[in-house]
Amino acid sequence: MKIGLIINPLAGIGGTVALKGSDGSEIQEQAFRLGAKKQAAAKTSIVLEDLLNAHDSIFFYSIGGEMGEDVLIQHGLKHEIVYRYKDIHSSSSDTIAGAKRLIEKGIDLLIFAGGDGTARDIYKAIGQAVPVLGIPCGVKIHSAVFANSLAAVSKILQSIVSSGAFETEAREVMDINEESYRQGFLEAKKFGTLIVPRVRQFLQHPKATSSYYESDIQGLAWELEERIEARDKNTRYIWGTGGTIFQIMQMLNYDSTLLGVDVTESGRTLIKDATEEEILEKIVETQSVLILSVIGGQGHILGRGNLQISPKVVRCVGADNIWIVATMGKILDLEKHLLHVDSADKDVNKMISGFRRVIVGWQKELLCEVVT
Amino acid sequence: MGRDQNTLLRAFHEAKWDEEIIYEMSVPGERGVIPPPVDPSIKNELSGVEHEIPKYAKRTDLPNLPEMGQMRVNRHYMRLSQETLGVDVSIDIGEGTCTMKYSPKINEKIVRSSDFADLHPLQDESTIQGILKIYYETEQYLKSISGMDVFTFQPGAGSHAVFTNASIVRKYFESKGDKERDTVVTTVLSHPCNAAGPATAGFKVIDVMFDQELGYPSVEAIQSVLSDRVAAVFITNPEDTGIFNPNIKKIVEEAHKVGALAVYDQANVNGIMGITRAREVGFDLMHYNLHKTFSAPHGGMGPGCGALGARSHLEPYLPIPRVKYDGHRYFFDFDYPESIGKVRSFYGNAPVVLRAYMWMRSLGADGIREAAYSAVLNNQYMVKKVSEIKGVTMYFGKDRQRLEQCRYSWEKMKADTGLGSEDVLRRLVDFGVPHYWMSHHPFFVPEPFTLEPTDSFSKDDIDEYVAILKKISEECYENPELVRTAPHNAPCHGIKNYYETDPTKVITSWKQYLKRKYEKKDNT
């Protein structure tokens, strides 16, 4: 089987430093200045590692250097390089040019590591010429062409390779306007459709815009208020990203950001829109609680839209000090009612997965399963 | 003659009357009853008695009631009755989870006879030995069916019994001095009152999601939330899906291990009565709905009876009074100082208890078990037939036997045709059967519908109902517009899939209607 591989090495780079995205060279430079590190290659490596026993039946076509070649060499996988980028860093135009060269080789499937921006580039380059599958590496992953997790990519590839054939279906490429996202507005838009393997249970749902009743959120706010009152005064709270948590914080009169991570103590905000490093600094020597919400339609609690809450942060907080909040309606919209964790650290994923209580209202919890 | 023997479908059309609201039919001065004049001697005796009514309580004008003759009143209600469908005129298999069965007419006649209907709850014990005996004996029968040690009939509904059970749990731990137990564990596919009742009684609630393959929660899931903070596990079994949780005994054991009580919702016990008992499973508290399984009609959301059963260690906390027998006479026993008190005025809904008593007496132990067998057998046949219909799927618990009912899904048909469960529901009445029950909230199964062919329905009834569903499925695929604009043969046509629940838009009385109407006029 011939598989094309494109890695966007800069995907997700804005995440840990609270930039809400990584599209465009200016943002990428800013991310580097803030100390961000590349992650896409390492994530792709995790996927390929699980494929080693199937490597005899796969031949890869890929792009030079960080865009694929390096990890293929690292794992000793058979490959041919069809395109090389010229500058120090690759760019969006390299993804487009590379993808066009890959389909000339008659590949059966194109896998790409990136986020919504990368998915749009792939769509621009090849449309629906060959089936594709996204390895989730970006900050924003609203498109329905990505697998649920790195582990799911491996499972899908293994099943495709062993059966030799697969059914396909068209799924949405979505993206949001990063500029307005950084200003605190969410606008998701459909850009087109890509053809993907038909393996619904492993593919990410497009993000749903949640409808909720104010009273549902009020119930969550009351519950959190009571829990915070019951704990030690010096406890610090790391509030995750998204609309649910933002609304709760507004109701509890905290100074907060819609899409950033905020840290609070004793009813006041210590730091707004914190980076990974800033969060660690605030919690390293004190008891802390991490408050996470669920991404509508997808079910992710970690590893999507909140890369600032890195595996390091989660370890520091401890698995017992994580509160997950969601409205009942949000859980109902999830495929099989499952929550997902997809951080870059397998051990952290393991630590959080299994049965977890989700706060769904005042004095009301729902026991759900978290999977990787 | 009769319905088409090939299709089993009826050429049905319901009556349509453009009937006014009864207030609009009022003719001032028209009388239904003219009572005879009061005898002068009585008038004389009572003269001046009206002055004893305080001024603030005295009406200055007559109440606004419709003024009508008897014939017009009778005609009005007969017309309205022709515009409804119910278990007496149609096949009500669709009302899944409600256990619609035949309520024998002879039992209704006895309940309405003056021997019973004229009883007053304030009568002296010595004058109501008959109904007290019926209470006492009904309790003995239910003890035998459930294995529990005591019963009370005070709760007026199933969810009322669940609330009462939660109150008993609370009182039990209070009297033991255990103040830490503030949490109740239940499952999302248990009847929602198993979360709501304990919450109303002041408990925090943890709802456990079902295993996606099995259709009920795994023991591990329930174990993961059990601790010394948990007061009780409240669980329905079989759940709404009709799947019996085979781990039920293990769940009860795990609850007991952490010192929690186990409470069994057996509102609908139609598939297992006489076969498995709450006692052997280890439950501390439970309830039956006498207005479902035990043949009493639902009475349009009441009056019902949630017969509450308890093991002897919880007897001191049951509502008072209890009906007792000392070998000579039946009497009310109020001497339970630790009782939670009363949960309803007097002694519960006596007519419902009487109906259940007559039903059990007429069936006997073997007959009751036979009813369960028939209900389960009917459902096996129906599950097979319904699952062959295009567009129907059964969600989880693949290949697992459904006992007395089954929750199905039109999800596939909705994806194929855009028409789902609510569309089918609207079309059903065109074939002479009432709407079906979709699901309790929230909908864990998309496009749900729940069917329960109880022991009362024949194979022919089931065949007709299946033929109707099959026909509607065909219409959805081939002639969707026909379904979209349904119903066509009912008093109202083209009803939208939209239920108004906003209290500012719903009008529930004539007084409210007039108020809104004039408010509107004032505004324009």
Side-chain angles (χ1 to χ4, degrees), chain A residues 148 169-171 198 200-202 205 208 210-216 219-220 222-227 230 294 297 299 319-320 322-340 352-371, chain B residues 166 180 182-190 192 194-227 229-231 233 235 251 395-396 398 411-412 415 439-448 501-502:
Chain A
N148 259 328
E169 62 179 333
R171 307 260 289 177
R198 191 184 167 88
R200 282 274 170 97
Q201 69 272 34
F202 295 125
H205 273 224
S210 308
S211 58
Y212 59 83
Y213 295 111
E214 187 129 325
S215 58
D216 293 343
L220 296 174
W222 280 329
E223 177 64 21
L224 289 192
E225 189 175 28
E226 283 189 11
R227 286 180 180 224
V294 176
D320 293 340
I322 298 173
W323 296 345
I324 304 167
V325 293
T327 56
M328 195 73 171
K330 224 177 204 182
I331 307 279
L332 282 179
D333 286 343
L334 301 178
E335 177 84 3
K336 295 200 161 186
H337 315 116
L338 291 174
L339 303 184
H340 295 269
I352 293 180
S353 53
F355 296 118
R356 284 237 155 226
R357 296 185 195 181
V358 179
I359 300 168
V360 291
W362 179 69
Q363 304 216 334
K364 179 142 193 196
E365 293 178 298
L366 180 67
L367 186 76
C368 293
E369 204 173 345
V370 180
V371 295
Chain B
E180 296 299 304
D182 59 356
T183 303
V184 156
V185 172
T186 184
T187 71
V188 294
L189 286 177
S190 285
N194 287 278
T200 309
F203 288 104
K204 295 178 186 176
V205 174
I206 303 176
D207 236 337
V208 179
M209 182 65 78
F210 50 86
D211 181 286
Q212 303 294 325
E213 303 301 323
L214 302 173
Y216 50 79
S218 64
V219 177
E220 292 73 36
I222 290 179
Q223 253 173 336
S224 79
V225 290
L226 289 175
S227 71
R229 298 295 295 272
V230 175
V233 173
I235 194 165
I251 290 168
Y395 226 60
F396 23 54
K398 206 169 175 285
E411 185 185 28
K412 186 174 184 311
S439 164
H440 289 120
H441 283 81
F443 287 4
F444 288 99
V445 172
E447 301 302 324
T501 52
D502 182 347

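Side chains are part of it too, since the values below use all heavy atoms of this structure and drop only hydrogens, waters and symmetry mates. Residue numbers begin at 1 in each chain, while the letters A, B, ... track the order of the sequences.
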Rounded to the nearest 0.5 Å, what's the gap from [atom1] on [X] to [atom2] on [Y]? Could you check?
| X | Y | atom1 | atom2 | value |
| --- | --- | --- | --- | --- |
| Arg357(A) | Ser224(B) | CZ | OG | 7.5 Å |
| Trp362(A) | Lys204(B) | CH2 | NZ | 9.0 Å |
| Gln363(A) | Phe203(B) | CD | CZ | 11.0 Å |
| Ile206(B) | Ile359(A) | CD1 | CD1 | 11.0 Å |

Heavy-atom distance under 4.5 Å between the side chains of [X] and [Y], does that happen here?
| X | Y | answer |
| --- | --- | --- |
| Met209(B) | Ile331(A) | yes |
| Leu366(A) | Val188(B) | yes |
| Val205(B) | Glu365(A) | no |

Please classify the contact between [X] and chain A as side chain, backbone, both or neither, with a heavy-atom cut-off of under 4.5 Å.
| X | result |
| --- | --- |
| Phe396(B) | neither |
| Glu213(B) | side chain |
| Ala195(B) | side chain |

Fill in the blank from the handout: If one checks every heavy atom of Leu332(A) against chain B at 4.5 Å, the contacting part turns out to be side chain

Problem - Gln212(B) side-chain N/O to Lys336(A) backbone N/O, donor-acceptor pair under 3.5 Å - result: yes

